[in-house]
Q: 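Please read through the structure below; I'll follow up with questions.
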Amino acid sequence: MAHANNGLVLPFKAASAVGQGVVVTMPLASGGVNESVIAAPSSGFNGVVVGITQATQPSAGYELAVITSGVAKARAAASIGAGAWVGAGSVNG
């Protein structure tokens with residue numbers, strides 16, 4: 001099992017369905033006013049990444065726990081070497 005040491009976990013509102021271990025960001029249109037998050041669209045996204053989801057939230061508008069510091073688990077889309085930089089690879093986070 002992968003190592004995890006979650007630091008600060010904050011509640012946000014899911015703006016859409018979001019899976020577990022997905023990189024999330026605040027939509028630029030909302031300006032963070034309603035504290036809602038969406039899956040980060042890609043690694044080239046210019047928005048602010050908030051963190052990684054702790055669990056799946058299948059419905060928009062409900063609370064979603066987001067790990068904002070510490071060590072979190074995430075899904076890899078490919079093999080990753082030691083010390084490699086990683087980021088959101090697709091609209092799936």
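Residues take their numbers from the sequence shown, with the count starting at 1. All values below were derived from every heavy atom in this structure, side-chain atoms included, with hydrogens, water molecules and symmetry-related copies excluded.
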Q: Any chance you could pull the hydrophobic cluster mates of V9, using side-chain heavy atoms under 4.5 angstrom and chaining through other members?
A: I67

Q: Within the 4.5 Å heavy-atom criterion, are V24 and I52 side-chain neighbours or not?
A: no

Q: What heavy-atom pair brings E35 and M26 nearest, and what distance separates the two atoms?
A: CA-CE, 4.3 Å

Q: First locate atom CD of Q20, then atom CG of L64, and finally report the distance between them rounded to the nearest 0.5 Å.
A: 10.5 Å

Q: Would you say the side-chain atoms of S36 pair up with the backbone N or O of A14, donor to acceptor, closer than 3.5 Å?
A: no

Q: If we only count heavy atoms from C-beta on, is the I38 to T25 side-chain gap below 4.5 Å?
A: yes

Q: So, for Q57 and E63, which heavy atoms are closest and what is the spacing to 0.1 Å?
A: NE2-O, 2.9 Å

Q: Can you tell which of V50, V23, L10 makes a side-chain contact (heavy atoms from CB on, under 4.5 Å) with V66?
A: V50

